Protein chains: 2
Amino acid sequence: MKVATWNVNSIRIRTGHVIDWLSQNRVDVLCIQETKVVDTEFPRALFEELGYHLYTSGQKSYNGVAIASCQPLKDVSCSFYDVLSNLDPEWDEQKRIITGSIDNVRIVNLYVPNGSSIGSEKYNYKLRWLTVLREYLKSLLVTSPSICMCGDFNIALEDRDIHEGAIAVNQIMASVPERQALRDVLSLGFSDVFRKFTSESGQYSWWDYRAAAFRRNLGWRIDHHYLTPDLYERAKSCSIDVTPRKLTQPSDHAPVVVEF
Amino acid sequence: MKVATWNVNSIRIRTGHVIDWLSQNRVDVLCIQETKVVDTEFPRALFEELGYHLYTSGQKSYNGVAIASCQPLKDVSCSFYDVLSNLDPEWDEQKRIITGSIDNVRIVNLYVPNGSSIGSEKYNYKLRWLTVLREYLKSLLVTSPSICMCGDFNIALEDRDIHEGAIAVNQIMASVPERQALRDVLSLGFSDVFRKFTSESGQYSWWDYRAAAFRRNLGWRIDHHYLTPDLYERAKSCSIDVTPRKLTQPSDHAPVVVEF
DNA sequence: GAGCTAGTAG
DNA sequence: CTACTAGCTC
């Protein structure tokens, strides 16, 4: 099974790129982030014409996630509250999670908050959001032991996930508390499958639009697949497809594909 | 001599269209309206590479006029006040006029206020602006008897200048006071040279972006060349070039070319 | 409908 | 730099 993750930075602007990519790369599941549209505005028909079932959880302007899947998904949910009934439902206001099952694998598609800048209100929200995610996954694992959690984590776990120029600068997406919050999540039993196959630096999934960052490969690897041990063992490959980032009007992120 | 007028609705957006059109239609003079940029932002170099001298009078966001001319212009002015020294200089704040001489012809390039809606403050401004223009031309004629006044007048002088559906509706660009104010200007000795060659309706220079107005030819002829009698007599043709309006991301106006 | 400003977000 | 909002203009 091939599962891809791609922050498209507006599905409205990127419909063409995404449909073209899906036609050329017929993955079983595509997890999309930053759709930036309410569900009624999502260009469903084009995905369905390609034979994909589509599940969306969007809002106006910001965030928004979706899953396109060749097979229909079971038990689709867009809510932390569905699993954590004691949770303040405010945690579901921002549309950052969508999940569903295919065979015995639970796909969890995430758009982790960016956090703006270290110490800001948004930064604290990001850290608290990650603790909510941890509780959520802890409960989920009880009934769903095989999980493929992927998406835009807005965190580079290690220095090798960042281009040289940004290492050692204590900045957003690389601060110690963010990395620790993500490691606390992963300690439930998840592993970064990209690192099963590639140990060197230099491969990234996001490049700032500014300063010609892509041309100079000044990127970050912040889009990940975290797998439970069974899936991690089965995994055959995990790679970043840089080609769509080279098109005109690209997303700032590239798709990442895992096969297990 | 060929003199064209074209409201480009943002020179930034339309640079490609305008440069392409000028390459194919090497008019002696191109009068441009609604450039919407300050002079330092105007893409001068591209015009100069085509061999044109460029004269601009722009402001941020709104209005803005320019002249591109194969020969250098003499006595360029962007100001009513230059001729009407008793005028309140506030009339020069909106960049709506640029003028210069070539041979013995004075080119006056105008962007007449739109007027928003009948009876509004902007409407009254439009009517008063036309009385200022009349005084301006009266003085100008003393030293410059040969004038080619062109631009976006935002007025359809006669019913045959408007598509069927809008005739008889007392609306902006066709109201009696606007037409009268323009006729008062023309009474100084100007004639609409387009009507020397074409008496029928059905040819327009502006189509609203909305409601597929261009496809249905629901247009208005509001971009004009008004000539003094000597030039009017010499005039050999006057035609509207609809082709640029068919391109993608077009201006809502088409260029109009007179030859005299 | 398609320009523009400003501000926000990333 | 490239998305988004809202309000403005034409």
Side-chain angles (χ1 to χ4, degrees), chain A residues 7-15 17 33-38 41 58-64 94 96 111-117 120-123 125-126 152-155 171-173 205-216 218-220 222-223 245 247-253, chain B residues 7-15 17 33-38 41 58-64 94 96 111-117 120-123 125-126 152-155 171-173 206-216 218 220 222-223 245 247-253:
Chain A
N7 178 321
V8 299
N9 188 12
S10 171
I11 190 64
R12 258 192 298 233
I13 302 294
R14 229 70 63 198
T15 304
H17 286 12
Q33 304 88 37
E34 280 209 270
T35 58
K36 298 188 178 181
V37 287
V38 294
E41 304 271 300
Q59 63 180 94
K60 193 160 70 164
S61 310
Y62 303 119
N63 314 314
Q94 298 185 15
R96 295 180 176 279
Y111 176 51
V112 177
N114 169 279
S116 191
S117 60
S120 68
E121 193 156 325
K122 290 189 168 68
Y123 180 79
Y125 181 83
K126 180 180 193 173
D152 176 1
F153 286 80
N154 270 314
I155 294 171
Q171 63 186 303
I172 195 69
M173 300 197 297
S205 65
W206 173 79
W207 302 259
D208 199 308
Y209 283 123
R210 288 162 283 191
F214 181 67
R215 188 181 51 72
R216 303 192 285 159
L218 304 181
W220 295 60
I222 58 178
D223 300 275
R245 180 66 239 236
L247 303 173
T248 50
Q249 261 202 311
S251 168
D252 42 354
H253 295 253
Chain B
N7 178 322
V8 299
N9 188 14
S10 171
I11 190 64
R12 258 192 297 232
I13 302 295
R14 230 69 64 198
T15 305
H17 286 11
Q33 304 89 36
E34 280 209 270
T35 58
K36 299 188 177 181
V37 286
V38 294
E41 304 271 299
Q59 63 182 94
K60 191 158 71 164
S61 311
Y62 302 120
N63 314 314
Q94 298 185 16
R96 296 181 176 278
Y111 176 51
V112 177
N114 167 279
S116 191
S117 60
S120 68
E121 193 156 324
K122 289 189 168 67
Y123 180 79
Y125 180 82
K126 180 180 192 172
D152 175 1
F153 285 80
N154 270 315
I155 294 171
Q171 63 186 300
I172 195 68
M173 301 198 294
W206 173 79
W207 302 260
D208 198 308
Y209 283 122
R210 288 162 284 191
F214 180 68
R215 187 181 51 73
R216 304 192 285 158
L218 303 180
W220 295 60
I222 58 179
D223 300 274
R245 180 65 240 235
L247 303 173
T248 50
Q249 262 202 312
S251 168
D252 43 353
H253 295 252

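Every chain is numbered from 1, with letters handed out A, B, ... down the list of sequences. None of the values given here were measured: they were computed from a predicted structure.
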B:Q94 CD to D:dT9 C1', in whole Å, measures 12 Å

When rounded to whole Å, the CD to P distance for the pair A:Q33 and D:dA3 reads 17 Å

Rounded to whole Å, NE2 of B:H253 lies from P of D:dC10 at a distance of 11 Å

*asked:* Main chain of A:P250, side chain of A:Y209: is a donor-acceptor contact present, judged purely on distance under 3.5 Å?
replied: yes

Taking it one step at a time, do B:I13 and B:K36 satisfy side-chain contact (heavy atoms from CB on, under 4.5 Å)? CA-CA 10 Å; B:I13 302 295; B:K36 299 188 177 181; over 6 Å; no

Taken to the nearest whole Å, CH2/B:W207 to P/C:dG3 is 17 Å

Of A:P250 and B:N7, the one whose nearest nucleotide on DNA chain D sits closer to the 5' end is A:P250

From CD of A:Q59 across to P of D:dC4 the rounded distance in Å is 13 Å

Separation of C:dA2 atom P from B:Q249 atom CD, nearest Å, is 8 Å

(message) Looking at A:S205 and A:H253, would you say the former's side chain and the latter's main chain have a donor-acceptor pair under 3.5 Å?
(response) no

Counting primed atoms, P, OP1 and OP2 as sugar-phosphate and everything else as base, the B/S/- map of nucleotides 5-10 of chain C against protein heavy atoms under 4.0 Å is SS--SB

When rounded to whole Å, the CG to C1' distance for the pair A:L218 and D:dC1 reads 14 Å

Ignoring backbone atoms, test whether B:R14 places a side-chain nitrogen or oxygen under 4.0 Å from the OP1 or OP2 oxygen of C:dG3. yes

Rounded to whole Å, CD of B:E121 lies from P of D:dC10 at a distance of 13 Å

With sequence neighbours left out, the residues meeting side chain to side chain contact (heavy atoms under 4.5 Å, CB included) with A:F214 are A:W207, A:V242, A:R245, A:K246

*Taking A:R216 for its side chain and A:A211 for its backbone only, find out whether a donor-acceptor pair lies under 3.5 Å.*
yes

Side chain to side chain contact (heavy atoms under 4.5 Å, CB included) with A:R14: of A:L247, A:N9, A:T35, only one passes, and it is A:N9

